[in-house]
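For reference, the structure is listed below as structure tokens.
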There are 2 protein chains.
Amino acid sequence: MSTLAADEETRDECQALAQVLDRVGDKWTVMVVGVLSSGPQRFTTIHRSIGGVSHRMLTLALRGLERDGLVNRTVFPTIPPKVEYELTEIGRSLIDPLMTLATWGRTNRRAIDDARARFDAKAD
Amino acid sequence: MSTLAADEETRDECQALAQVLDRVGDKWTVMVVGVLSSGPQRFTTIHRSIGGVSHRMLTLALRGLERDGLVNRTVFPTIPPKVEYELTEIGRSLIDPLMTLATWGRTNRRAIDDARARFDAKAD
DNA sequence: CCGTATCCGATAGGATACTG
DNA sequence: CAGTATCCTATCGGATACGG
């Protein structure tokens, strides 16, 4: 079987999928997961690694991940303060599904860009 | 290996992933893919199957998918007009990656909801 | 039946500046 | 260094109505 919403049971799959996208479908969250997949990182390190993300949005993305239990936040009460973020077990379990999607993207990027160009050309 | 952005090569993965989410990360697109995964459907049928989507947003979602070559649109010049949408080969190839994500969501939904509740409780 | 246009509110997201 | 608050803009998305 390879359908997502053929029957009642798979309708549930769509809901689950929608919830996942609600969590990681924003502009920066998956980037954060990607950066943290290589190990614990400090705020500033993440910030530089991603590049282009505003201070504010990175904070929000990290809060969201922490709230959902995908990321652990550890504060070292030093001066200046040091805060480390790391993926939790469940956070790490998200990497493979995301990799699957990324692979699909790399495989089909060219075809999609071409289709898009053709579509836009027809639209004059 | 199980990292997303450890080195330069995998940074590319993140870009690909970001592009995929740009395409399917909106509120309704994956629902449409889900509905169409069971075969060609007319506009109104899709509209009813999803439920809750506005006429306008469904049109936009379908346009986007058509533009990217994930969906074929066929117009039957009858009166009243009949328009059928179906996944293309590349569109169907997206189903499995999405299923992987959906499965992750179903598996971890409970844990995430709990973590969220705990986080919100602490925040008073 | 299908598509588009218009209007409107809600939210995402950037820039900046201020605290500890 | 890390987090928060404020302001402002652009985009998302719903409701409605009209055209083919």
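In what follows, chains carry the letters A, B, and so on, assigned in the order in which the sequence lines appear, proteins first and then strands, with residues in each chain numbered from 1. Small disclaimer: the values here were computed from a predicted structure and weren't measured.
In the region residues 40-60 of chain A, proximity to DNA chain D at under 4.0 angstrom, judged on heavy atoms, holds for A:Arg42, A:Phe43, A:Thr44, A:His55, A:Arg56, A:Thr59. Less than 4.0 Å separates DNA chain D from at least one heavy atom of each of the following residues of residues 68-86 of chain A: A:Arg73, A:Pro80, A:Pro81, A:Val83, A:Tyr85.
Taking atom CD of B:Glu66 as the reference point, atom P of C:dC2 lies 14 Å away to the nearest angstrom. Going from atom CG of B:Asp26 over to atom P of D:dG14 covers 10 Å, rounded to whole Å. Rounded to whole Å, atom P of D:dT4 lies 11 Å from atom CG of A:Leu62. Atom P of nucleotide C:dA12 and atom NZ of A:Lys27 are separated by 14 Å, given to the nearest angstrom. Rounded to an integer number of Å, the gap from CZ of B:Arg63 to C1' of D:dC12 is 18 Å.
Using a 4.5 Å heavy-atom threshold, the side chains of B:Glu84 and B:Gln41 count as separate. In this structure, B:Leu36 and B:Val71 have side chains that are in contact, with non-hydrogen atoms separated by less than 4.5 Å. The closest side-chain heavy-atom distance from B:Met57 to B:Lys27 is not below 4.5 Å.
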Passes salt bridge (charged side-chain N to carboxylate O under 4.0 Å, His left out), A:Asp113 versus B:Arg23? Steps please. CA-CA 12 Å; A:Asp113 287 346; B:Arg23 289 182 178 105; 3.4 Å; yes
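Checked options A:Leu94, A:Asp96, A:Thr100, A:Ile95; the residue passing with A:Leu98 is A:Leu94 (criterion: side chain to side chain contact (heavy atoms under 4.5 Å, CB included)).
Between A:Ala16 and B:Gly105, the shortest heavy-atom contact is CB-C, 4.2 Å. The two residues A:Val53 and A:Leu58 come nearest to each other via the heavy atoms CG2-N, 3.8 Å.
Residue pairs meeting the ring pair (Phe, Tyr, Trp, His ring centres under 6.0 Å) criterion with at least one partner in residues 90-116 of chain A, sequence neighbours excluded, do not occur; the list is empty.
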